[in-house]
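As structure tokens, the structure follows; a few thoughts come after it.
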Amino acid sequence: MEEISFKRSCSCGEVNISRRGEEIDLCGWVHRRRDLGGVIFLDLRDRSGIVQAVFNPESQPGAFTVADKARIEYVMYIHGVVAKRPEGSENPSIPTGEIEIIVDKAEILNPSLTPPFSVAEDKPIDENVRLKYRYIDLRRPKNMEAFRMRHKIAMSIRKFLDSRGFLDVETPMMTRSTPEGARDYLVPSRVNPGKFYALAQSPQLFKQLLMVAGFDRYYQIARCFRDEDLRADRQPEFTQIDIEMSFVKREDIFEVVEGMLATVFHESLGIELPLPFPRMAHAEAMERYGSDKPDTRFGMELVDITGLLESTEFGIIRTAIDKGGAVKGFTFKGGANFSRKETDSIAEKAKALGAQGLFFISHGENEVKSSLLKHLGEEKIKEILEFAGAEKGDLFMFAADAGTRLREILGRLRLELGHLHGLIPEDKFSFLWVIDFPLFVKEESGGLTAEHHPFTSPLPEDIPYLESDPARARAAAYDVVLNGYELGSGSIRIHRRDVQERIFELMGLTDEQIRDRFGFLLDAFEYGAPPHGGVALGLDRLCAIMSGKDSIREVVAFPKNLSAVCPLTGSPMYIEQEHLDILHIKADVPVEANTGKI
RNA sequence: GGGGUCGUAGCGUAGCGGUUUAACGCGCCUGCCUGUCACGCAGGAGAUCGAGAGUUCAAAUCUCUUCGGCCCCGCCA
């Protein structure tokens, strides 16, 4: 093969009018090709941008011949002179539009098959196709941009935490299985037949041990693994900004996280976040938004009108109240003129979410309309509108059911309608801290399980409840919420052996289970464990939201699809029995499946 | 495990109240074209309509099954 000699003196996007007259060497991909017969224009693209190269058959026949053969996505080397474009042929829509490269030497470094989809055009493409050819998909400038942003965000985080005295420490990815968390990904140990490591769900216990070790302030941008079903915001492996600090109270953690996020937003988006973030008790979030991660970019808050309907005889409402339930609803601003068809469709959605029915009161220009006018009377209807703060032109919708169930249904309906009717400002970033989570949630079986995780300290004033009424105890736990996403979650940890043991007991673990699974942690607490606490933030979610993407797959270079499959590499795959034998594993699948074919 | 939605040339879509050659745009190939930048013009190739079964004189279109994508619920200490 012919020896290719290429050089690179600058990148495509860097060329500008100040280099006029300079000879330069560029490498890149053919973005677009415009063959006018006598003259060929190639747009050459690299990470930095696009520049137009001109090939003339008379002045440089050699280069022209190369350009004649070049096609879209060929990798090229060109040498030429930076020239101001002829008067009137400038292209103001690209940064390098003032100039062009008059090429006198060109080589094709590598040809390309016709790509399965266009890099130059920014059309939506089926995601499975995109992921199969992810290396082409990522060439699309808009897609690459998200990774530039991710890099900037990570750099800001590291700089900020370093400036605050945090130590970046790596912790094991291969560790112990923790049965009470998410499902683990398991890794067989060849040298310990029958034994497995688990891929870390988070560095939780290690960072606490680092506090016992006196590391004081730790952080890590850590990969975590959880074998649960996937979502737009959930991948089996994801990245967490993991932080832990000693001798701190909740406010110290808030201050660090707020400072860090403010720095990130300032440096990456030029946006100044108002500090401190609002705080809201978990109970209040559930009451007002029907969610523990409320999207506070828009209103439509839930109101409780149970009190107004205490004496009503109307069927569904009466029944719900008698059963100890509630009547709640929210106002849709300007919704009074909705057609019957539209309100029917909203009621359908509510039913799909589990509501028994949805009632409407429309506050029209001249009259108040409601299907319940007869049942409740005009006085009562007006009272409800007044109480809900609904004005002329608004639509109030409400339902009756058991309280906790009702607010979750309405909370979801609120979100769905908000999205559907474009009520959520896209360019807004609404942060808040949700605090005072319950320590435990009741399982279906009636047992208790940790709402956050079992290493979370109860609020000091609620410690007595551990004996009298554990379900009532609140946790020193907090979530940082952004635009309705749980961005991060943390807590002040337990640092005393007796309290930690009590929590495990309340969760129904036997002494033996406690010793076996967490003995090392309890032991550590007895050797001078400092009070400590921390937080972990989802880097993927942060990047997705900051880049305006709907899915974290857009900010992960090689993500898996919803079936946890990587369409590019074909993982996961069957493993040949011979290989499994070394690991002492017998697969419970048909033998023919186990042939190692991808 | 459950619900919703979508599968038609390489890509994006139309056709889906039953019929003849499955249409359009982009891309691709060939030819023409010396200032284009979504270059233009002319011609051409390319699809067993995701798969299987059924109903019918006739199925991309209707029915059932199945596979796959996306979104959601459950799940995610």
Side-chain angles (χ1 to χ4, degrees), chain A residues 31-44 50-59 64 71-73 83 85-94 96-97 100 102 113-133 136-137 177-184 201-202 204-205 224-236 238 348-349 351-354 408-409 412 415-416 419 437 439-441 443-444 448-456 475 477 486 489 491 503-504 507 509 517-518 536 538 550-551 553 561-563 565 567:
Chain A
H31 190 65
R32 281 212 169 87
R33 180 171 184 274
R34 291 177 295 280
D35 182 351
L36 274 62
V39 62
I40 296 175
F41 296 97
L42 294 185
D43 289 341
L44 201 65
I50 293 165
V51 68
Q52 172 168 283
V54 192
F55 298 79
N56 196 294
E58 281 132 30
S59 52
F64 184 86
R71 291 291 179 272
I72 296 282
E73 295 310 312
R85 292 199 190 183
E87 197 69 32
S89 68
E90 300 88 354
N91 182 356
S93 62
I94 58 170
T96 61
E100 61 190 2
I102 310 294
L113 296 174
T114 302
F117 49 87
S118 168
V119 172
E121 261 180 274
D122 188 38
K123 272 196 306 204
I125 306 290
D126 178 79
E127 202 178 336
N128 239 28
V129 177
R130 289 178 54 200
L131 293 185
K132 181 171 179 191
Y133 299 97
I136 297 170
D137 185 45
S177 174
T178 51
E180 47 287 303
R183 265 185 296 273
D184 288 312
Q201 292 180 25
S202 85
Q204 182 61 37
L205 295 178
C224 305
F225 306 86
R226 292 179 194 175
D227 184 8
E228 296 294 346
D229 287 353
L230 288 77
R231 288 282 192 286
D233 62 348
R234 282 172 17 196
Q235 283 275 302
F238 61 99
E348 268 317 301
K349 285 187 203 313
K351 276 185 190 155
L353 291 169
E408 277 173 37
I409 292 167
R412 284 203 192 118
L415 274 183
E416 228 177 270
H419 280 291
F437 277 77
L439 190 59
F440 295 110
V441 286
E443 289 177 314
E444 273 178 36
L448 293 178
T449 180
E451 160 86 22
H452 181 56
H453 58 52
F455 317 109
T456 299
E486 180 194 312
S489 190
S491 64
I503 298 289
F504 286 141
M507 289 172 59
L509 295 185
R517 292 177 197 171
F518 301 107
D550 291 329
S551 160
R553 292 189 296 270
N561 66 19
L562 286 189
S563 309
V565 165

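Hydrogens, waters and symmetry mates are skipped; everything else that's a heavy atom, side chains included, is used.
In the set B:G1, B:U36, B:C28, the nucleotide with an atom closest to the side chain of A:Q52 is B:U36. Side chain of A:R412, nearest nucleotide from B:C73, B:U36, B:A38: B:C73. Side-chain proximity of A:R231 to B:C28, B:G74, B:C71: nearest is B:G74. With B:C39, B:C70, B:C37 as the choices, the nucleotide that has an atom nearest any side-chain atom of A:L36 turns out to be B:C39. Residue A:E228 has its side chain nearest to B:C75 when only B:A38, B:C37, B:C75 are considered.
Between the CD1 atom of A:I50 and the P atom of B:A38 there is a distance of 11 Å, rounded to whole Å. The distance from atom CD of A:E73 to atom P of B:C28 is 11 Å, rounded to the nearest whole Å. Distance CZ (A:F41) to C1' (B:G35): 4 Å, rounded to an integer number of Å.
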(request) Mark up nucleotides 7-15 of chain B, 5' to 3', with B wherever a protein heavy atom is under 4.0 angstrom from a base atom, S wherever such an atom reaches only the sugar-phosphate, and - elsewhere. (result) ---SBS---

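Below 30°, between 30° and 60°, or above 60°: for A:F518 and A:F504 the angle between ring planes is below 30°, a parallel geometry.
For A:R130 against B:G69, a side-chain-to-base donor-acceptor contact under 3.5 Å is absent.
Separating the P atom of B:C71 from that of B:G17 is a span of 29 Å, rounded to the nearest Å.
Look at A:R34 and you'll find a side-chain N or O under 4.0 angstrom from OP1 or OP2 of B:C39. Between A:S563 and B:G69 there is a side-chain N or O to OP1 or OP2 distance below 4.0 Å.
Base pairing of B:A9 is not made with any nucleotide, judged by Watson-Crick or G-U wobble geometry with both donor-acceptor distances under 3.5 Å. The partner of B:C39 cannot be assigned: no Watson-Crick or G-U wobble pair with both contacts below 3.5 Å exists in any strand. Shown here, B:U65 forms a base pair with B:A51; the pair counts as Watson-Crick or G-U wobble because both key distances fall under 3.5 Å.
Residues satisfying the ring-ring contact (aromatic ring centres under 6.0 Å, His included) criterion with A:F440, sequence neighbours excluded, are absent altogether. In this view, A:E180 and A:R517 satisfy the side-chain hydrogen bond (donor to acceptor under 3.5 Å, both in side chains) rule, not counting sequence neighbours.
Each of A:N561 and A:R234 has a nearest nucleotide on RNA chain B; the 5'-most of these lies closest to A:N561.
Among the heavy atoms of the strands lying under 4.0 Å from A:R226 is at least one base atom, whether or not backbone atoms are also near.
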